[in-house]
Amino acid sequence: MKRHARILTGLLAALTACALLAGCGASSASNTAIAEIDRGAAADYESAAGTSGWGGAEEGMTDEGTLIAPDPARKIIYTADLSLESTEFDSASSALLDALAQAGGYVQSSESGGSTEYGRWVRWSLRVPADQYRSFLTAAENSASRTSLSESTEDVTADYVDVEARLNSLEAQRQRLEELRAQAGNLEDLLAIENQLTQVQYQIESYTGQKRVLDDQITYSTVNVYLDEVK
């Protein structure tokens, strides 16, 4: 429902721009071009609404409780929480970080505490390339004794397709508005077109940021690891 509300908002913005330009005394040629942009925006947004019909359910589980192999056509975000313990804290830490480096991942954040007398602990938030997610988990579990593991997936295919469709629509609108700006016959028309271009550019930057975040979450899985030293 939120996506369709945004679609309606964008369409209303396009209609408002058309009304504004018409009220400013735009030439018949400008009015025709604006009407064409309006029709194009409506079609583009309707197309975006149609593509958002992708399912958003989480990836399923097998009877054994393992994650089903993902469909490469879908956009999946993987997250895992792994708890480990070891009597060899230093070597276990080194082995886990070596496995991370071999997987091409990196440490996003870390926190540690405790003492050598009573036992140390460390918590890492790790980012691992999605195609190395499963092999890294196996290597991490081999670095110490696993006490718990939870995994989750989020299918963001619908959101991703929606953002891409909106960006394509907005880029097309920007190009048409720039063409119309070059043909503006008076200052009032020019100012109205410039105002609409500013709004379209703002939306492009917003959706580009959303796509960048999704790309990062999809490309790099998040693995939260807690390692506890035991005597």
Side-chain angles (χ1 to χ4, degrees), residues 2 54-164 167 205-231:
K2 291 181 180 179
W54 285 74
E58 289 191 351
E59 190 179 27
M61 307 287 285
T62 66
D63 293 338
E64 293 76 22
T66 58
L67 295 174
I68 297 174
D71 179 351
R74 305 192 73 82
K75 304 296 184 181
I76 308 293
I77 296 174
Y78 291 91
T79 304
D81 291 282
L82 174 64
S83 293
L84 305 167
E85 64 180 19
S86 175
T87 58
E88 302 293 336
F89 185 82
D90 292 326
S91 59
S93 298
S94 297
L96 192 144
L97 293 177
D98 286 344
L100 177 67
Q102 291 178 9
Y106 63 93
V107 177
Q108 179 171 264
S109 64
S110 65
E111 182 181 5
S112 61
S115 65
T116 54
E117 181 180 0
Y118 297 105
R120 294 166 290 175
W121 59 268
V122 61
R123 185 186 187 282
W124 292 288
S125 179
L126 309 177
R127 303 302 305 281
V128 182
D131 59 356
Q132 298 294 316
Y133 169 77
R134 182 59 55 194
S135 60
F136 171 74
L137 276 184
T138 299
E141 291 178 14
N142 291 334
S143 67
S145 297
R146 186 184 79 180
T147 58
S148 68
L149 171 64
S150 63
E151 300 180 65
S152 65
T153 60
E154 182 182 2
D155 188 336
V156 294
T157 306
D159 293 332
Y160 196 90
V161 170
D162 184 71
V163 168
E164 282 193 323
L167 279 172
E205 292 174 358
S206 176
Y207 282 115
T208 298
Q210 293 180 40
K211 183 175 182 294
R212 188 179 298 115
V213 170
L214 286 173
D215 281 331
D216 177 67
Q217 293 176 327
I218 294 165
T219 304
Y220 280 85
S221 303
T222 300
V223 180
N224 298 310
V225 180
Y226 181 87
L227 175 62
D228 188 30
E229 182 180 28
V230 295
K231 300 298 183 179

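The residues of the chain are indexed from 1 along the displayed sequence.
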What I'd like to find out is whether the side chain of Asn224 reaches to under 4.5 Å of the side chain of Leu126, using heavy atoms alone. no
With a 4.5 Å cut-off on side-chain heavy atoms, are Ile218 and Ile76 touching? no
Could you tell me if the side chain of Glu141 sits less than 4.5 Å from the side chain of Leu149, heavy atoms only? yes
Residue set satisfying ring pair (Phe, Tyr, Trp, His ring centres under 6.0 Å) with Tyr160, at least two apart, ordered chain then number -> none
Heavy-atom side-chain contact between Thr79 and Ser221 under 4.5 Å: no
Side-chain touch Gln210/Asp159, heavy atoms, less than 4.5 angstrom: no
Compare every heavy atom of Tyr220 with every heavy atom of Pro129, then report the nearest pair and how far apart it is. N-CD2, 3.7 Å
Side chain to side chain contact (heavy atoms under 4.5 Å, CB included) filter on Gln217, not counting sequence neighbours, yields Ile77, Val213, Leu214
Minimum-distance pair of heavy atoms, taken over all atoms of Phe136 and Val223: CE2-CG1, 4.0 Å
Any residue meeting side chain to side chain contact (heavy atoms under 4.5 Å, CB included) with Thr147, in chain and number order, not counting sequence neighbours: Ser83, Glu85
So, for Ala140 and Leu82, which heavy atoms are closest and what is the spacing to 0.1 Å? CB-CD2, 3.7 Å
Partners passing salt bridge (charged side-chain N to carboxylate O under 4.0 Å, His left out) against Asp81 (at least two apart in sequence or in another chain): none
Atom pairs and distances, donor-acceptor, side-chain atoms in residues 111-123, under 3.5 Å, two or more places apart:
| unit_1 | atom_1 | unit_2 | atom_2 | d |
| --- | --- | --- | --- | --- |
| Ser115 | OG | Tyr118 | N | 3.2 |
| Arg120 | NE | Glu229 | OE1 | 3.0 |
| Arg120 | NH1 | Asp90 | OD1 | 3.2 |
| Arg120 | NH2 | Glu229 | OE2 | 3.2 |

The side chain to side chain contact (heavy atoms under 4.5 Å, CB included) partners of Ser110 (sequence neighbours excluded) come to Val107, Trp124
Residues passing the salt bridge (charged side-chain N to carboxylate O under 4.0 Å, His left out) test with Asp98, sequence neighbours excluded, are none
Would you please name every residue forming a side chain to side chain donor-acceptor pair (under 3.5 Å) with Glu88, sequence neighbours left out? none
Output all residues satisfying side chain to side chain donor-acceptor pair (under 3.5 Å) with Thr222, sequence neighbours left out; order by chain, then residue number. Arg127
Whether the side chain of Thr157 engages the backbone of Lys75 through a donor-acceptor N/O pair (distance < 3.5 Å, no angle test) should be reported. yes
Listed partners of Ala92 passing side chain to side chain contact (heavy atoms under 4.5 Å, CB included), at least two apart: Ser86, Ala144, Leu227
Salt bridge (charged side-chain N to carboxylate O under 4.0 Å, His left out) between Lys211 and Asp215, worked out: CA-CA 6 Å; Lys211 183 175 182 294; Asp215 281 331; 3.2 Å; yes
How close do Phe89 and Asp228 get, counting heavy atoms only, and between which atoms? CD1-C, 4.5 Å
Residues two or more places apart in sequence or in another chain: which of them pass side chain to side chain donor-acceptor pair (under 3.5 Å) with Glu205? Gln201
Partners passing side chain to side chain donor-acceptor pair (under 3.5 Å) against Ser135 (at least two apart in sequence or in another chain): Gln132
